[in-house]
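Report on the structure given below.
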Number of protein chains: 2
Amino acid sequence: MPCDKSCPIEHTVNLIGHKWKVLILRNLFNNGTQRFSDLSKGISKISQKMLTQQLRQLEVDGIIYRKVYPEVPPKVEYSLTALGNSLKPILDEMNSWGIEHLKQSQLDQHNNE
Amino acid sequence: MPCDKSCPIEHTVNLIGHKWKVLILRNLFNNGTQRFSDLSKGISKISQKMLTQQLRQLEVDGIIYRKVYPEVPPKVEYSLTALGNSLKPILDEMNSWGIEHLKQSQLDQHNNE
DNA sequence: CTGGATCCTGATGGATACTG
DNA sequence: CAGTATCCATCAGGATCCAG
């Protein structure tokens, strides 16, 4: 079973198979609608360029919605679309797995001291 | 809730938040133990260098196991460890989501013709 | 012949400075 | 505030080379 264009996992990976995208989604799931600066603060170490880039891609792919308020100072809000919300089970599984194995990896680290 | 070092999702993403890693795991889940060349054929468009690199990282992180048979011609088998197997729910969710939305994106494509 | 290391080149990511 | 623009470091792909 080769992993070609019709592979469901490949399709999913093409949309959210990127470290920063997952973290952006995490932020939107946890905190709801977020402004650019909220995301910037909420995701440690992401550069503005990367944040902009990934937000644009998520928007093009119909996963998030970008609402611009035509005012000064500028205000832009990002929120999940229905498609974006449908990704929640995946994020939930990643969260559960992380909780479980963060414990383990912290123990490992402790044992190595 | 900032996304710092103790964020479960960030931990998960740090281990498998890479396109090729997910596809490698997909291959191992679907086909069981695989040789280097099996993975190379099963994952369309991955370069040998990238495959080697990602396999090494997955091995270091304890997600896959690498068994070398000291024979000619060389033979190396990759399989999932217990930790690797515990990632199955995540892959399953990605698969389900992909199945659901591959339909949609194919319809969209059809409508644009 | 398989698995993978190396080299070179083009693409991508990060840090900073600047703008509407 | 929400991005661009710029420059530089690192990474990815392709071809080739090598050891068992």
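Naming: A, B, ... by sequence-line order, numbering from 1 per chain. What you see is a predicted model; the values in this text were computed from it and never measured.
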Bend across the helix from C/dC1-D/dG20 to C/dG20-D/dC1, to 10°, with axes taken over 5 pairs at each end?
40°

Would you indicate what B/Val76 reaches in the nucleic acid, counting non-hydrogen atoms under 4.0 angstrom: base, sugar-phosphate, or nothing?
sugar-phosphate

Expected output: side-chain B/Thr81 to main-chain B/Gly62 donor-acceptor under 3.5 Å
yes

Between B/His18 and D/dA12, is there a contact of a side-chain N or O with OP1 or OP2 at under 4.0 Å?
yes

Atom-pair distance (CD1 on A/Ile46; C1' on D/dG3), nearest Å
13 Å

Classify the ring geometry between A/His11 and B/Trp97 as parallel (under 30°), tilted (30 to 60°) or perpendicular (over 60°).
parallel

When you measure from the side-chain N and O atoms of A/Tyr78 to the phosphate of D/dC1, is any distance below 4.0 Å, counting only OP1 and OP2?
no

What heavy-atom pair brings A/Asn27 and A/Asp38 nearest, and what distance separates the two atoms?
OD1-O, 4.4 Å

Go through the structure and list residues passing salt bridge (Lys or Arg N to Asp or Glu O under 4.0 Å) with B/Lys88, not counting sequence neighbours.
B/Asp92

Short side-chain N/O contact from A/Trp20 to OP1 or OP2 of C/dG14, under 4.0 Å
yes

Counting only side-chain N and O atoms of B/Ser37, is one of them less than 4.0 Å from OP1 or OP2 of C/dT2?
no

Spacing of A/Lys49 atom NZ relative to C/dC18 atom P, expressed in whole Å
17 Å

Can you list, pair by pair, the side-chain donor-acceptor contacts under 3.5 Å of residues 17-25 of chain B, counting residues two or more places apart and other chains?
residue : atom : partner : partner atom : Å
B/His18 : ND1  : B/Trp20 : N            : 3.2
B/Lys19 : NZ   : A/Asn14 : OD1          : 3.4
B/Lys21 : NZ   : B/Leu15 : O            : 3.1
B/Lys21 : NZ   : B/Gln57 : OE1          : 2.9

From CD1 of B/Ile43 over to C1' of D/dA12, roughly how many Å is that when rounded to an integer?
16 Å

What contact category does A/Gln53 fall into here, base, sugar-phosphate, or nothing, at under 4.0 angstrom with non-hydrogen atoms?
sugar-phosphate

What is the distance, rounded to the nearest whole Å, between atom CZ of B/Arg66 and atom P of C/dT2?
16 Å

Within the structure, does a side-chain N or O atom of B/Arg35 lie under 4.0 Å from either OP1 or OP2 of C/dG3?
yes

Of all the heavy-atom pairs spanning A/Glu93 and B/Pro89, show the shortest one and how long it is.
OE1-CB, 3.2 Å

Regarding the side chain of B/Ser47, the nearest nucleotide among C/dG14, D/dT16, D/dG14 is D/dG14

If you compare all heavy atoms of B/Cys7 against all heavy atoms of A/Arg26, which two are closest, and at what distance to 0.1 Å?
SG-NH1, 3.3 Å

Distance check needed: D/dC1 C1' versus A/Leu39 CG, whole Å only.
13 Å

Give the rounded distance in Å between these two atoms: CZ of B/Phe36 and P of C/dT2.
12 Å

Distance (rounded to the nearest 0.5 Å) between A/Met94 CE and B/Glu10 CD:
10.5 Å

Atom CD of B/Glu71 and atom C1' of C/dC1 are separated, to the nearest Å, by 12 Å

OP1 or OP2 of D/dG3 less than 4.0 angstrom from a side-chain nitrogen or oxygen of A/Arg56, does that happen here?
yes

Describe the nucleic acid contact of A/Pro73 in one word from base, sugar-phosphate, nothing, applying a heavy-atom distance below 4.0 Å.
sugar-phosphate

Would you mind reading off the distance between A/Gln34 atom CD and D/dC1 atom C1', rounded to a whole angstrom?
15 Å

I want to confirm an ordering. Mapping B/Pro74 and A/Met50 to their closest nucleotides on DNA chain C, which one lands closer to the 5' end?
B/Pro74

